**Student:** 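Please read through the structure below; I'll follow up with questions.
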Amino acid sequence: MGLSAVEISNLEVIMKVIVVGAGWGGCAASLSAAKQGAEVTLIERTDMLLGTGLVGGIMRNNGRFTATEEMVAMSGGELFQLTDENSLHRDIEFPGHPHASLYNVATMEPLVKRYLLERGIKIHLSTRVEDVERKEGKIQAVIGKKGEERVRFPADGFVDATGTAGPPGHCTKYGNGCVMCILRCPTFGGRVSLAAKCGVNEFVGKKGNQFGAMSGSCKLFKESLSREIINTLNKKGVVVIPIPPSLQSGINLSIKACQQYALPDYHKNLILLDTGHAKLMTPFFPLEALRVIPGLENARYEDPYAGGLGNSIRYIGMAPRDDSLKVLGMDNLFCAGEKAGLLVGHTEAIVSGTLAGFNAARWIKKEKPLILPTTLAVGDAIQYVRIKMESEEGLGDKYTFSGSVYFERMKQNGLFSLKTREIQKRVDRAGMTGVFS
Ligand SMILES: Cc1cc2nc3c(=O)[nH]c(=O)nc-3n(C[C@H](O)[C@H](O)[C@H](O)COP(=O)(O)OP(=O)(O)OC[C@H]3O[C@@H](n4cnc5c(N)ncnc54)[C@H](O)[C@@H]3O)c2cc1C
């Protein structure tokens, strides 16, 4: 049931959306809500946007190509355009992953920040949300700290995009300790979940005895590698170096968050990708062992600083939600990115962020929430992951368009395509062309 034109024009002045957490999920939610006419405030506890997207970079591999093109056809493609434009390498292949792009992690953040500011989004950095004010299933305001100053942000709709990484207590309890990753919890304070502060009972990813999952890659300073490796990385984007068999036993790929790279090739080889730094596709690798490998004698970790010992723990604290991404038990709270479930990746976070921001604005306008159709990979993934998370077995897996269980499903169900025109037609048949415009 929609509102009259007069009511809508009144709402345009007062429609306030707060997005907490400025990873890719929060950035996408902010942009999407702003495009629907909301006044958007994006709150981030660190001094930079992009969260774990500050150290990732892989886009468009396997089914992520299809998901990206679906989003472009739905007019939700701006952030993908930015990553495409800022890619160091396009259409490259590394084991199991054809037609990938690698964005430059060193320069991505300021580009996104400028883009959001130009669209009128207010950004509060170094501001950590610590609590909520709520009444009868609705959040009225979030409260927190900017330095020593107490801050309060009232709004009509909220998006929880606080991710699932950290705080350090989780990395200590379920991993190998705080490894000083890009999220810099000891400096800015650990993650605080909005949904949990509302009393929502969150999901915990668990496989066997492992709670959560360890981030699956780390970064080496490119300049700490041999000239030959640097040249190949710069030229081709990829270097594959066989690992001496005596060192292979130290690699544990089963704890990886990104199961799409837990393939035999990643066990036998060091796979390095050029994302500005050299992205090493294992969760961690003892530094002394790494330095035994020819060309890596002087290797040094850029992220996490203690990448020789471990990596951050993620996928603890996901919100129960419906397929519109509304958090169950709350009226005006939506969730995006990893907070919305076991979907791994920047592409995946941008997809759910775009839908969450869109529906937060629609909720304020009293419009029916959008549920993406399952004839599209993006709609199917959101529904599939929700259903899978209802079982213990499903909570042990991770899902991504780029590999593993969900990519297999995409292929089986005819949802995978590399033909842009075909994808556009599918979006059109679903009545979704330009829906996010
Ligand atoms: C090392 C590493 C490498 C990766 N590489 C890739 C890759 O190459 N390609 C790919 O597709 N995916 C990659 N991923 C996965 C991908 O980064 C994530 O799945 C996705 O970007 C998650 O986005 P998000 O917005 O949900 O969460 P996050 O990126 O975790 O962002 C959440 C944000 O919320 C903020 N926050 C938390 N609590 C609060 C609070 N209370 N107040 C204010 N702010 C708060 C955090 O500071 C953070 O910035 C990688 C992940 C890691 C860790």
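For the single chain, residues carry numbers from 1 onward in sequence order. Please read these numbers as outputs of a predicted model, since none were measured by experiment. In listed order, ligands and their atoms are each counted from 1.
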**Student:** Which residue, Glu348, Glu69, Glu70, forms the salt bridge (Lys or Arg N to Asp or Glu O under 4.0 Å) with Arg64?
**Tutor:**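 The single option meeting the salt bridge (Lys or Arg N to Asp or Glu O under 4.0 Å) with Arg64 is Glu348.
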
**Student:** Flag the pair Arg152 and Glu133 as a salt bridge only when some basic side-chain nitrogen lies within less than 4.0 angstrom of an acidic carboxylate oxygen.
**Tutor:**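 Looking at Arg152 and Glu133, the cut-off is met.
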
**Student:** To which protein heavy atom is atom 41 (N) of ligand 1 closest, and what is the distance rounded to 0.1 Å?
**Tutor:**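 Result for atom 41 (N) of ligand 1: Val129 O, 2.9 Å.
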
**Student:** Would you say ligand 1 has an N or O under 3.5 Å from any N or O of Leu343?
**Tutor:**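 No: no nitrogen or oxygen of Leu343 is under 3.5 Å from one in ligand 1.
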
**Student:** Which of the atoms in ligand 1, numbered in the order shown and given with their element, are less than 4.0 Å from a heavy-atom of Ala22?
**Tutor:**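 Answer, ordered by atom number: 33 (C), 34 (O).
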
**Student:** Do NZ/NE/NH1/NH2 and the carboxylate oxygens of Arg386 and Asp323 come within less than 4.0 Å?
**Tutor:**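 Salt bridge present between Arg386 and Asp323.
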
**Student:** For atom 28 (P) of ligand 1, what is the nearest protein heavy atom, given as residue, atom name and distance?
**Tutor:**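 Going atom by atom, the protein heavy atom closest to atom 28 (P) of ligand 1 ends up being Thr52 OG1, 3.8 Å.
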
**Student:** Using distance alone, with no hydrogens and no angle criterion, decide if Ser437 and Lys35 have a side-chain donor and acceptor under 3.5 Å apart.
**Tutor:**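 Not at all, the side chains of Ser437 and Lys35 share no donor-acceptor pair under 3.5 Å.
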
**Student:** Show your reasoning for whether side chain to side chain contact (heavy atoms under 4.5 Å, CB included) applies to Arg409 and Tyr384.
**Tutor:** CA-CA 10 Å; Arg409 176 181 166 87; Tyr384 182 71; 3.4 Å; yes

**Student:** Any idea which protein heavy atom is nearest atom 23 (O) of ligand 1, and the distance to it?
**Tutor:**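 Looking only at protein heavy atoms, the one closest to atom 23 (O) of ligand 1 is Ala349 CB, 3.6 Å.
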
**Student:** Between Lys279 and Ser217, does any side-chain donor sit less than 3.5 Å from a side-chain acceptor?
**Tutor:**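 Short answer, yes.
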
**Student:** Any side-chain donor paired with an acceptor under 3.5 Å for Ser391 and Glu393?
**Tutor:**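 Ser391 vs Glu393: no donor-acceptor pair found between side chains.
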
**Student:** Return yes when Thr127 approaches ligand 1 closer than 4.0 angstrom through a heavy atom, no otherwise.
**Tutor:**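 Thr127 counts as a contact of ligand 1 under the 4.0 Å cut-off.
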
**Student:** For Glu44, take its heavy atoms, then give the atoms of ligand 1 lying under 4.0 Å from any of them.
**Tutor:**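 Answer for ligand 1: 33 (C), 34 (O), 35 (C), 43 (C), 44 (N), 46 (C), 47 (O), 48 (C), 49 (O).
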
**Student:** With heavy atoms under 4.0 Å as the rule, classify the contact between Ala161 and ligand 1 as side chain, backbone, both or neither.
**Tutor:**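 Under 4.0 Å from ligand 1, Ala161 contributes backbone atoms alone.
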
**Student:** Do Glu85 and Gln81 have side-chain N/O donor and acceptor atoms under 3.5 Å apart?
**Tutor:**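 Gln81 and Glu85 do have a side-chain donor-acceptor pair below 3.5 Å.
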
**Student:** Would you tell me whether Gln210 and Tyr174 have side-chain atoms, one donor and one acceptor, within less than 3.5 Å of each other?
**Tutor:**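 Note: Gln210 and Tyr174 side chains miss the donor-acceptor criterion.
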
**Student:** Does Met59 have a heavy atom less than 4.0 Å from any atom of ligand 1?
**Tutor:**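 Under 4.0 Å: no for Met59.
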
**Student:** Decide whether an N or O pair under 3.5 Å exists between Leu183 and ligand 1.
**Tutor:**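 No - when backbone and side-chain N and O of Leu183 are compared with those of ligand 1, no distance drops under 3.5 Å.
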
**Student:** Under 4.0 Å from any heavy atom of Gly56, which atoms of ligand 1 are there?
**Tutor:**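 Every atom of ligand 1 under 4.0 Å from some heavy atom of Gly56: 4 (C), 5 (N), 6 (C), 7 (C), 8 (O).
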
**Student:** Between Leu54, Thr162, Leu102, Asn61, which one has a non-hydrogen atom sitting closest to atom 37 (C) of ligand 1?
**Tutor:**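 Shortest heavy-atom distance from atom 37 (C) of ligand 1: Thr162.
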
**Student:** So that I know where these two stand, are Phe401 and Phe407 an aromatic pair - ring centroids less than 6.0 Å apart?
**Tutor:**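 No, the ring centres sit 6.0 Å or more apart.
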
**Student:** Among protein heavy atoms, which sits nearest to atom 20 (C) of ligand 1, and what does the distance come to when rounded to 0.1 Å?
**Tutor:**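 Closest protein heavy atom to atom 20 (C) of ligand 1: Gly345 O, 3.5 Å.
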
**Student:** Does the residue Lys279 have a heavy-atom contact with ligand 1, meaning some pair of atoms that are separated by less than 4.0 Å?
**Tutor:**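 Under 4.0 Å: yes for Lys279.
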
**Student:** So which protein heavy atom does atom 38 (N) of ligand 1 come closest to, and at what separation?
**Tutor:**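 Result for atom 38 (N) of ligand 1: Val192 N, 3.3 Å.
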
**Student:** Any idea which protein heavy atom is nearest atom 51 (C) of ligand 1, and the distance to it?
**Tutor:**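 Minimum-distance protein heavy atom for atom 51 (C) of ligand 1 reads Arg314 NH1, 3.5 Å.
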
**Student:** Could you tell me the residue and atom name of the protein heavy atom closest to atom 1 (C) of ligand 1, and the distance to it rounded to 0.1 Å?
**Tutor:**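 Nearest neighbour among protein heavy atoms for atom 1 (C) of ligand 1, to 0.1 Å: Ser217 O, 3.4 Å.
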
**Student:** Decide, yes or no, whether a salt bridge links Glu149 with Lys146 under the criterion of side-chain N to carboxylate O below 4.0 Å.
**Tutor:**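 Result for this pair is no, no salt bridge flagged.
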
**Student:** Which atoms of ligand 1 sit under 4.0 Å from any heavy atom of Gly337?
**Tutor:**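 Under 4.0 Å from Gly337, ligand 1 has these atoms: 26 (O).
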
**Student:** At a 4.0 Å threshold, what atoms of ligand 1 neighbour a non-hydrogen atom of Thr46?
**Tutor:**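 Contacts of ligand 1 toward Thr46, numbered from 1: 47 (O).
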
**Student:** Answer yes or no for Arg60 and Phe65: cation-pi contact, defined as NZ/CZ to six-membered ring centre under 6.0 Å and angle to ring axis within 45°.
**Tutor:**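 Flagged: Arg60 positioned over aromatic ring of Phe65.
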
**Student:** Taking only heavy atoms of Gly25, which atoms of ligand 1 are found under 4.0 Å from at least one of them?
**Tutor:**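 Here the atoms of ligand 1 in question are 25 (O).
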
**Student:** Please tabulate, one pair per line, all N/O donor-acceptor pairs under 3.5 Å involving side-chain atoms of residues 328-336, not counting sequence neighbours.
**Tutor:**
| residue | atom | partner | partner atom | Å |
| --- | --- | --- | --- | --- |
| Asn332 | OD1 | Ile139 | N | 2.9 |
| Asn332 | ND2 | Ile139 | O | 2.8 |
| Asn332 | ND2 | Asp156 | O | 3.0 |

**Student:** Quick one: are the ring centres of Tyr103 and His346 less than 6.0 Å apart?
**Tutor:**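 They qualify: ring centres under 6.0 Å apart.
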
**Student:** Does any N or O atom in His346 lie less than 3.5 angstrom from one in ligand 1, N or O only?
**Tutor:**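 The answer is yes, given that His346 and ligand 1 share an N or O pair closer than 3.5 Å.
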
**Student:** Below 4.0 angstrom, N of the basic side chain to O of the carboxylate: do Glu130 and Lys197 qualify?
**Tutor:**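 A salt bridge is absent here (no side-chain N lies under 4.0 Å from a carboxylate O).
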
**Student:** Can you tell me if Glu130 has a non-hydrogen atom under 4.0 Å from ligand 1?
**Tutor:**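 Flag not set, Glu130 not near ligand 1.
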
**Student:** Give the atoms of ligand 1, by number and element, whose distance to some non-hydrogen atom of Ser215 is under 4.0 Å.
**Tutor:**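 Those of ligand 1 that fall under 4.0 Å from Ser215 are 53 (C).
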
**Student:** Quick one: nearest non-hydrogen protein atom to atom 18 (C) of ligand 1, plus distance?
**Tutor:**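 Ranking protein heavy atoms by distance from atom 18 (C) of ligand 1, first comes Glu338 OE2, 3.1 Å.
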
**Student:** I need the atoms of ligand 1 closer than 4.0 Å to a non-hydrogen atom of Ile43, numbered in the order shown.
**Tutor:**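 It comes down to these atoms of ligand 1: 43 (C), 44 (N).
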
